[in-house]
Amino acid sequence: DAGITQSPRHKVTETGTPVTLRCHQTENHRYMYWYRQDPGHGLRLIHYSYGVKDTDKGEVSDGYSVSRSKTEDFLLTLESATSSQTSVYFCAISPDGNEQFFGPGTRLTVL
Amino acid sequence: KQEVTQIPAALSVPEGENLVLNCSFTDSAIYNLQWFRQDPGKGLTSLLLIQSSQREQTSGRLNASLDKSSGRSTLYIAASQPGDSATYLCAVPGAGNMLTFGGGTRLMVKP
């Protein structure tokens with residue numbers, strides 16, 4: 001998985017609770033991304049980062065925030081989880097914004 | 001808005017067959033196209049990246065072509081094997097390096 005780990009790999013939480021997902025890379029790549037994958041919608045970009053402390057919104061950013069304080073870590077936070085955020089979350093990295101490499105995913109269930 | 005379509009949605013072939021997966025996109029102003037493989041419950045594995053200046057890219061039994069003017073890419077798999085069974089996704093970059101994905105082709109290769 002190109003030196004990408006995601007934690008946790010599985011999480012079940014309740015509506016209204018905060019949740020933080022972590023993506024960690026050992027490749028020293030500049031770009032990092034968070035996607036969600038849902039049946040019928042495919043993969044959609046939530047947020048991305050083009051450097052430490054440099055982030056921007058993607059297609060489906062409402063209800064999510066991100067932070068990147070170190071090159072190797074990109075955190076995705078759901079401030080108050082909702083059932084519509086039940087999904088599989090993938091982190092991706094890229095050295096130059098061209099080819100992207102994906103992590104193993106985190107399956108999140110919000111009850 | 002870029003739209004990416006993959007046909008067929010599912011394909012079942014006997015082992016040993018050569019096969020072609022199709023990907024079409026609506027906005028031809030792309031600078032590359034990426035093919036991925038996804039096994040059930042797993043992350044995405046990058047198979048091939050074709051730059052807009054290239055017409056073909058090869059990796060082992062895989063060959064991907066790109067025709068920007070017609071908005072099409074094909075992934076050719078030679079001598080298919082049961083281990084090739086997976087979902088194949090194509091994706092093109094957009095604003096902010098966001099990848100827009102097709103819905104995927106679910107391939108089953110029967111022994």
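Lettering follows sequence order; numbering is per chain, from 1.
- Taking CD of A:Gln100 as the start and CG of B:Leu44 as the end, the distance is 10.0 Å to the nearest 0.5 Å.
- For A:Asp56, no part sits under 4.5 Å from any heavy atom of chain B, backbone or side chain.
- Side-chain atoms of A:Thr77 and A:Thr20 form a donor-acceptor pair, as typed in the model, at a separation below 3.5 Å.
- With a threshold of 4.5 angstrom between heavy atoms, A:Gln6 does not approach chain B through any atom at all.
- Listed by first and then second residue, the side chain to side chain donor-acceptor pair (under 3.5 Å) pairs involving residues 5-24 of chain B are B:Asn18-B:Tyr76 (not counting sequence neighbours).
- Hydrophobic cluster membership is shared by B:Leu33 and B:Leu21, with clusters built from Ile, Leu, Val, Met, Phe, Trp and Tyr side chains linked at under 4.5 angstrom.
- In this structure, A:Leu76 is a member of the same hydrophobic cluster as A:Val110, with clusters built from ILVMFWY side-chain heavy atoms closer than 4.5 Å.
- Using a 4.0 Å cut-off between a side-chain N of Lys or Arg and a carboxylate O of Asp or Glu, A:Arg68 and A:Asp54 do not qualify as a salt bridge.
- For residues 47-74 of chain B, heavy-atom neighbours of chain A at less than 4.5 Å comprise B:Leu49, B:Gln51, sorted by residue number.
- For a residue to count as touching a neighbouring chain, one of its non-hydrogen atoms must lie under 4.5 Å from one of that chain's; by this rule B:Leu99 touches chain A with backbone and side chain alike.
- Checking side-chain atoms of B:Gln2 against main-chain N and O of B:Asp27 turns up a donor-acceptor pair under 3.5 Å.
- A single hydrophobic cluster is not seen to contain both B:Val4 and B:Leu89; linkage of ILVMFWY side chains at heavy-atom distances under 4.5 Å, directly or through other members, places them apart.
- Proximity to chain B is absent for every atom of A:Tyr50, based on heavy atoms less than 4.5 angstrom apart.
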